[in-house]
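Take a look at the structure set out below.
Everything quoted here is computed from the prediction, not taken from an experiment. Per chain, numbering begins at 1; letters A, B, ... match sequence-line order.
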Amino acid sequence: MKLKIIKQYSTKDVKDLKQNIILNHGDAEKLKQRAYRSGCRNPDLVDDHVLYTVLNKNATYHHEHISRSAKSISALTPRRVELLAYLYKNDMESIMDLANGLMRNYKNVYDDLKALEENDIISLIRRGKNIKPVLNADRLVIDFG
Amino acid sequence: MMKVYRRIIDVKNGERIESLEIRKGDEMVYYSYNYKIRKEKVWKLYIRWDNYQNQPHIDRYDENENHVESIPSREKNLKEILEVVDIFGKNLISMDLSRV
């Protein structure tokens with residue numbers, strides 16, 4: 001049994017991804033030079049350089065996390081699924097905003113988010129004083145194969 | 001139109017493959033398959049199969065993720081890599097990868 005966490009990136013998601021690559025490496029030319037120089041001594045640089053190059057040519061981007069652990073599936077309690085559905089429809093700037101939107105206690109929402117983050121279903125991104133919950137999936141598939 | 005597929009596949013407890021595939025139609029333009037082991041809550045790269053600059057090869061890394069060696073290889077695909085990891089698991093670290 002597998003849990004598939006699937007996300008097809010929108011044009012905006014791809015733009016953000018490209019921006020993040022450049023933020024991590026300075027600029028595109030520096031990234032290219034460093035990737036050529038280091039080769040497989042620094043494989044992340046190589047992948048980022050190749051990825052950035054094709055995303056600039058309007059490639060589409062599909063992300064999938066396949067977990068074979070039943071623990072990932074058990075992380076999906078009814079309350080957490082409700083939370084994920086809410087997050088899918090509403091862009092939340094902070095955990096407090098999410099707790100208010102769901103009309104739930106902050107600590108319980110925080111604990112649920114941490115459990116979902118542990119299973120890579122969401123990411124918690126620090127933005128100044130806030131922590132922004134971001135959904136890593138637009139589909140969750142339980143595959144019995 | 002090119003398509004990028006990024007996958008994280010938890011193969012066994014504490015072992016995963018992180019892959020990046022770029023396809024143009026049916027043709028595989030680029031691939032990298034990274035075999036990682038979780039140590040003290042950090043995923044560390046040990047073996048990587050890729051075809052960077054159209055040269056399919058295997059790279060091996062030590063426990064500090066320093067590059068140890070590069071071995072030429074034929075083109076690989078994700079299905080083959082998953083089979084190899086399923087069969088050999090952590091034994092891959094000390095195996096002669098040119099025979100795998």
Applying a strict 4.5 Å limit to non-hydrogen atoms, the region of B:Tyr52 in contact with chain A is side chain
Bottom line for B:Ile17: the part with an atom under 4.5 Å from chain A's heavy atoms is neither
Report task. Taking atom NZ of A:Lys32 as the centre, report whether more than 12 heavy atoms of other residues, nucleotides or ligands fall under 6.0 Å from it. Result -> no
Nearest heavy-atom contact between A:Pro43 and B:Tyr61 is CG-OH, 3.6 Å
With a 4.5 Å cut-off on side-chain heavy atoms, are B:Arg48 and A:Asp47 touching? yes
Any chance CG of B:Asn54 has more than 12 other-residue heavy atoms, nucleotides or ligands included, within less than 6.0 Å?
-> no
In terms of heavy-atom pairs under 4.5 Å with chain A, the winner among B:His57, B:Lys24, B:Met2 is B:Met2
Here the pair of heavy atoms bringing A:Ala59 nearest to B:Met1 is CA-SD, 4.3 Å
NZ (A:Lys7) and CZ (B:Arg6) are apart, to the nearest 0.5 Å, by 14.0 Å
**Prompt:** Considering only heavy atoms from C-beta outward, does the side chain of B:Ser32 approach that of A:Val46 to under 4.5 Å?
**Reply:** no
Per side chain to side chain contact (heavy atoms under 4.5 Å, CB included), A:Arg68 is matched among B:Asn13, B:Val11, B:Asp10 by B:Val11
Honestly, the part of A:Tyr9 sitting under 4.5 Å from a heavy atom of chain B is neither
Applying a strict 4.5 Å limit to non-hydrogen atoms, the region of B:Gln53 in contact with chain A is side chain
Turns out that what part of B:Arg16 lies under 4.5 Å from chain A's heavy atoms comes down to side chain
When the 4.5 angstrom heavy-atom criterion is applied to B:Asn66 and chain A, the contacting part is neither
One should read off an interatomic distance between A:Asn42 CG and B:His67 NE2, to the nearest 0.5 angstrom, of 11.0 Å
Rounded to the nearest 0.5 Å, the CD1 atom of A:Ile5 sits from the CD1 atom of B:Ile8 at a distance of 8.5 Å
